[in-house]
Protein chains: 2
Amino acid sequence: MTVSPDRKPVVVTDLDEAFAAVRATGLRLTAARRLVLEALLAARAPISAEDIADGLGGRMTQSDIASVYRNLETLGELGLVRHFHAGHGPGRYVLEGFGDREYLACESCGLLESVEPAALETVRDAVRDLSGFEASFSHFPIVGLCARCAKKRARAAR
Amino acid sequence: MTVSPDRKPVVVTDLDEAFAAVRATGLRLTAARRLVLEALLAARAPISAEDIADGLGGRMTQSDIASVYRNLETLGELGLVRHFHAGHGPGRYVLEGFGDREYLACESCGLLESVEPAALETVRDAVRDLSGFEASFSHFPIVGLCARCAKKRARAAR
DNA sequence: TTTTTTGCAAAACCTTTGCAGTTGG
DNA sequence: CCAACTGCAAAGGTTTTGCAAAAAA
């Protein structure tokens, strides 16, 4: 079993910064790489590799899914991109530039509720109190029902 | 996005009880079905569909992986079996008979730490306090580092 | 006998890999 | 120029599905 090496997030908030960050590492700024960055920046939310390869449903240029995965991995190693698994389905990728966020995944409506990492500190504390287990929600977020769906569920069960 | 219907756990603690529970539903008690139940009972811990198909590494009779999946699903609907996804890798299946447990998955050593569901109530409370989100850990358990691995990690970082 | 279930093979889904050809610097 | 990168195609791991044959009740 492996654990991803600690990568310091590299915050970029526009394309130029992203491109500069890539160039600064000596990596090449190819068309495929640019497309990935553009899609992530346009999405402003966690999306799948397929979303990117599709060009966000046709709104952008399409690209090869294998290159997308390779670039997501590379950009992840650079600290520009983070990815996580929210329940079933494909992994989600998001630009670190949108701020340090963690997510709560609603398994009913698909909502990815974004919360500040600090807010989850009390949650991590509660887990740690159990047995010293250090919970990490950044790669496998908490899954459940958002407030809306939980209410709906409660109403349905009445 | 779908959510599994609420299934009341059906607790069985030996083969005869399991077989009886299956018969009671009108479902047929086939050899393949029995093998799944036997493997789950012998394992006494969450295992993968492949573990079952392999006959627990040769200790038991092998069976067809497709039938294993179909039976796990059927037995899940009956409330005899629960399954969840602990980080990467195949899903894990466990007999409800081993008591109502939740798990904490260590992504370093692979340990599945079993805890009482009630113990996670404080954790769920902490999440609920954030935004009303109802966390559920039974299908997507908390992932992180067990106390042992966390300590090792801290030592290595010194 | 009838309906359920099986075993096999094929496909679906997400992701990774090999490789020959292309391209950025 | 040439190492880095791409696109394509194939494969890997996990799970589902179609279907004719087998078996439970």
Side-chain angles (χ1 to χ4, degrees), chain A residues 1-2 4 18-39 46-55 61-78 80-93 139-140, chain B residues 1-2 4 18-39 46-55 61-78 80-93 105 110 139-140:
Chain A
M1 206 144 256
T2 49
S4 46
F19 291 176
V22 172
R23 281 209 195 82
T25 66
L27 291 181
R28 292 178 184 180
L29 194 52
T30 63
R33 204 103 88 194
R34 241 170 299 168
L35 247 15
V36 169
L37 257 359
E38 281 169 25
I47 55 181
S48 70
E50 207 190 359
D51 291 336
I52 299 173
D54 283 356
T61 311
Q62 302 193 182
S63 34
D64 182 77
I65 187 83
S67 297
V68 170
Y69 274 112
R70 274 186 291 230
N71 279 318
L72 286 170
E73 158 132 68
T74 302
L75 297 171
E77 281 160 7
L78 297 189
L80 286 167
V81 170
R82 193 157 71 78
H83 83 127
F84 59 89
H85 304 273
H88 292 116
R92 314 296 209 96
Y93 298 80
H139 195 45
F140 290 102
Chain B
M1 205 147 255
T2 48
S4 43
F19 291 177
V22 171
R23 279 209 196 82
T25 66
L27 291 180
R28 290 178 184 180
L29 193 53
T30 64
R33 204 102 89 193
R34 241 171 295 163
L35 247 15
V36 169
L37 257 1
E38 280 170 24
I47 54 181
S48 70
E50 207 191 359
D51 291 337
I52 299 173
D54 283 357
T61 311
Q62 303 192 183
S63 34
D64 182 77
I65 188 82
S67 297
V68 170
Y69 274 110
R70 274 187 290 229
N71 280 318
L72 285 170
E73 157 133 69
T74 301
L75 297 172
E77 280 159 7
L78 297 189
L80 285 167
V81 170
R82 192 158 70 79
H83 82 132
F84 59 89
H85 303 274
H88 292 116
R92 316 295 210 95
Y93 299 81
H139 195 45
F140 291 102

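All chains are named by letter (A, B, ...) in the order of the sequence lines, taking the proteins before the strands, and each is independently numbered beginning at 1. Computation of the quantities below employed the complete heavy-atom set of this structure, encompassing side-chain atoms and omitting hydrogens, waters and symmetry-equivalent molecules.
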Counterpart residues, side-chain hydrogen bond (donor to acceptor under 3.5 Å, both in side chains), relative to [X] (two or more places apart):
X	answer
S63(B)	none
D54(A)	none
H83(A)	none
T30(B)	none

In terms of the nearest nucleotide of DNA chain D, which residue is placed more toward the 5' end: H85(B) or A32(A)?
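The residue mapped nearer the 5' terminus is A32(A).
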I'd like to check the ring pair (Phe, Tyr, Trp, His ring centres under 6.0 Å) partners of F84(B); sequence neighbours left out, ordered by chain and number.
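Partners of F84(B) under the ring pair (Phe, Tyr, Trp, His ring centres under 6.0 Å) test: Y103(B).
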Gap between atoms [atom1] and [atom2], on [X] and [N] respectively (whole Å):
X	N	atom1	atom2	value
F84(B)	dT15(D)	CZ	P	12 Å
D64(A)	dT22(C)	CG	C1'	14 Å
I52(B)	dT15(D)	CD1	P	11 Å
R33(A)	dT22(C)	CZ	C1'	14 Å

Quick one about D51(A) and S48(A) (side-chain donor to acceptor, distance below 3.5 Å, no hydrogens or angles considered), yes or no?
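Looking only at side-chain atoms, D51(A) and S48(A) do form a donor-acceptor pair, the distance falling under 3.5 Å.
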One character per nucleotide, please: for nucleotides 16-25 of chain D, 5' to 3', B when the base has a protein heavy atom closer than 4.0 Å, S when only the sugar-phosphate does, - otherwise.
BBBB---BBS
